[in-house]
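Shown next, in structure tokens, is the structure this report addresses.
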Protein chains: 2
Amino acid sequence: MSNRITSQDVADLAGVSRTTVSFVLNDEKRFAIRPETAEKVRAAAKQLGYFPNASARALASNQTKNIGLIITRAPRYISSDPFLPQILGGLLDALKQNSQGLLLEWVEPGQQLQTYLELTRAHHIDGLILMTPRLDDPGLKALEETDIPVVLMGYIPGSSLHSVDVDNLAAAETAVSHLIELGHRCIACITNAALPYTSATQRLDGYKLALQKAGIVFNPELVREADFDIQSGYREMKSLLAEGQEFTAVFVASDNVALGVYSALSEVGLSIPDDVSVVGFDDIPLSSYIKPALTTVRMPAREIAQQSYHLLMRLMKRDFPDKREVMLPTNLVLRQSTCSLISL
Amino acid sequence: MSNRITSQDVADLAGVSRTTVSFVLNDEKRFAIRPETAEKVRAAAKQLGYFPNASARALASNQTKNIGLIITRAPRYISSDPFLPQILGGLLDALKQNSQGLLLEWVEPGQQLQTYLELTRAHHIDGLILMTPRLDDPGLKALEETDIPVVLMGYIPGSSLHSVDVDNLAAAETAVSHLIELGHRCIACITNAALPYTSATQRLDGYKLALQKAGIVFNPELVREADFDIQSGYREMKSLLAEGQEFTAVFVASDNVALGVYSALSEVGLSIPDDVSVVGFDDIPLSSYIKPALTTVRMPAREIAQQSYHLLMRLMKRDFPDKREVMLPTNLVLRQSTCSLISL
DNA sequence: CCTCGTGATTAACACGCGTTAGTTATATTA
DNA sequence: TAATATAACTAACGCGTGTTAATCACGAGG
């Protein structure tokens, strides 16, 4: 039934050996092949509809032509992430040009080590990108010692792994400083994720730093942890309001979470930006379309994906860059969700 | 350098043959193995950190343990799709339970045939799911004849491929009928995508059918084609307004596109639902959080993913269901974006 | 005329695993 | 006791490719 066509079939039809077929189709320049012979082989391959078997090729050449993208979250947190498609878009685009494939995987916190080992040792992939790594990931050490290249999309202090990220701390500080310049003194903060995710910690630190530079005392009561989705933003803002915390502005470290914040605020009749100013983080496509348009930190998502890929490709060629970290620039996009306390 | 551990190493350490190792680790029940021997093997494997090489296993067993998900769009249309993560979430969840991998791929319209052939003939995957297929896809015939199982996420009339979908036509008709019941007679329609995507055509047909049943004459001037993203919704609504078309309601066949419609309407000072009622399609997580909350057709995204997967698994076991199509139910979720023309 | 390269091609091995057919050693039966 | 069955294991082949080392023809050089 399974009438698979092998390189032997091509060789037979072209009247040459299997070796020659291999040389021609991989255009191996170290060996001289007569142009007419090459043409005969190519014609035979096309006529038969021959495609070299991926597994056999991977086994022989020790290259799977697949790279892995690991998401360090459970599926229910993946489902509502508007940031993921942007990363995927950028990655898929870059991959196709090198005719490589993308193997998508997720790990639940707690299961990391086993997954990493299986994925690397079994050699499903030639290299891997780890999205939003966690500080408390017990599998990272294993990744440092593995023999396939790894790129972190995000930063882990003290890790020897290469990484691509933005300066979350500086970006958050800029965002919060903007609120302070507008005259706000009571500024709440809702993180993008749980604190073991370094991006969450760094953005929170940026918030603290901005306060400190302005001489504002940090109030832990004004800080809440969300986790990726809209609902968590809604929940945490509700909780702030329910406790009667006083604030005139919020720094929400994720646009998606900020959408929940919008909803919670409007539900109790507070207007943005007149009653509460909001600054987000990510600049997802939606942010400029909602009302009021969200002032936010622009994350260069597509570029993060592409840079991660290019870095990974360099590592796969054993071409190690002198710097471990690639830092991409962000910028604060001013829109309509913030207003000044002073000039009013 | 690459000190890979093979099953031979495990065999040596355990003092048995490689065959025995294979039997134990795949717990092959057709052959009797003494429990103590099995334990010895397992201990050796664990001690060495052995993981069977994926390519070798795939080559020998003719099973890659990967399934492919193909998205029939260019990356820029993938980047802003809030529906995709839901599908991915559902799929990844199901896959992990069978320790299978997900190979993600996109095809640009025009390149389909080559991609399908390469993916199936080269046997990168054991089966594939094709997301949002296009009527004009010249590669579909090739997929019908391929020897690996294929499931369409969406429906192609006349195709012999198995599919999982909702009844787009009926769902759209229900949505539009709801607007008609509220007294609307001038109802615009903005599609979710270009018409070669069957979901777009079917939803448009549902719109037409509802009008027809109510005795409202179909006006092509009120119909626009969007393509997946927010911006296209904004653009098409602007175009409707610029041409001075008269309408009191819009049926937008995608929630994401509807977000752009919201933006365009608010920009010209039209209020939802007082000036224009809006009904969407998909029920993405955001839809219940925006203001006004969007009345929409609920797509069971997670279930579509899981059913597609289960169907694919059945096909892979040569267990062919009697029905080619799996139809999942939708329901209209009533929220605040529509209002009656009559009772006001 | 024989050697010696050189351009063109191929035989043969390796990759790491699954699996069939076969081989022992031990227990069962007539 | 000899024939037979059964439990426990293994030798050896095949999967389809990449690649090294070897082969062959053939004209140039001595």
Enumerate donor-acceptor pairs with a distance under 3.5 Å from any side-chain N or O in residues 67-77 of chain B to protein atoms, sequence neighbours excluded.
unit_1: B/T72; atom_1: OG1; unit_2: B/M131; atom_2: O; d: 3.2
unit_1: B/T72; atom_1: OG1; unit_2: B/T132; atom_2: O; d: 2.5
unit_1: B/T72; atom_1: OG1; unit_2: B/T132; atom_2: OG1; d: 3.4
unit_1: B/R73; atom_1: NH1; unit_2: B/D81; atom_2: OD2; d: 2.7
unit_1: B/R73; atom_1: NH2; unit_2: B/D81; atom_2: OD2; d: 3.3
unit_1: B/Y77; atom_1: OH; unit_2: B/D227; atom_2: OD2; d: 3.4

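With no hydrogens or angles considered, no side-chain donor-acceptor pair links B/Q97 and B/Y309 at under 3.5 Å. B/S17 and B/T20 form a side-chain donor-acceptor contact under 3.5 Å, judged by distance and modelled atom types alone.
A donor-acceptor contact shorter than 3.5 Å is absent between the side chain of A/D93 and the backbone of A/G90.
When rounded to the nearest whole Å, the span between CD of B/Q63 and P of C/dG18 equals 11 Å. With rounding to whole Å, B/Q8 atom CD is found 10 Å from C/dC17 atom P. Distance, B/F31 CZ to C/dG18 P: 13 Å, rounded to whole Å. The nearest whole Å value for the distance from the CG atom in B/L59 to the C1' atom in C/dT19 is 13 Å. Computed from coordinates, the B/N62 CG to C/dC17 C1' distance equals 13 Å when rounded to whole Å. If you measure from atom NE2 of A/H124 to atom C1' of C/dC17, you get 13 Å, rounded to the nearest angstrom.
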Inset, instruction - Apply side-chain contact (heavy atoms from CB on, under 4.5 Å) to the pair B/T115 and A/K96, showing each step before the final yes or no. - result: CA-CA 11 Å; B/T115 307; A/K96 184 136 246 178; 4.2 Å; yes
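Side-chain contact between A/T64 and B/S55 is present, with at least one heavy-atom pair separated by less than 4.5 Å. Using a 4.5 Å heavy-atom threshold, the side chains of A/L128 and A/T120 count as touching. At a threshold of 4.5 Å between non-hydrogen side-chain atoms, the residues B/V16 and B/V21 count as touching.
Projected onto DNA chain D by closest heavy-atom contact, B/A60 and B/R34 fall at different nucleotides, the more 5' of which corresponds to B/R34. Comparing B/S55 and B/R30, the nucleotide of DNA chain C nearest to each residue sits closer to the 5' end for B/S55. Residue B/A38 is the one, among A/F51 and B/A38, whose nearest nucleotide of DNA chain D lies closer to the 5' end (criterion: closest heavy atom).
In this structure, A/T37 reaches the sugar-phosphate backbone alone: every heavy-atom distance under 4.0 Å involves primed, P, OP1 or OP2 atoms, never a base. At the heavy-atom level, B/I33 lies under 4.0 Å from the strands shown only through sugar-phosphate atoms.
For DNA chain D, the contact window with chain A, defined by any atom under 4.0 Å from a protein heavy atom, covers D/dG16 to D/dA21 in 5' to 3' order.
B/E325 has no carboxylate O lying under 4.0 Å from a charged side-chain N of B/K323, or vice versa, which leaves the two without a salt bridge.
Taking every heavy atom of residues 9-28 of chain B and every atom of DNA chain C, pairs under 4.0 Å involve B/R18, B/T19, B/S22, B/F23, B/N26, B/E28, by number.
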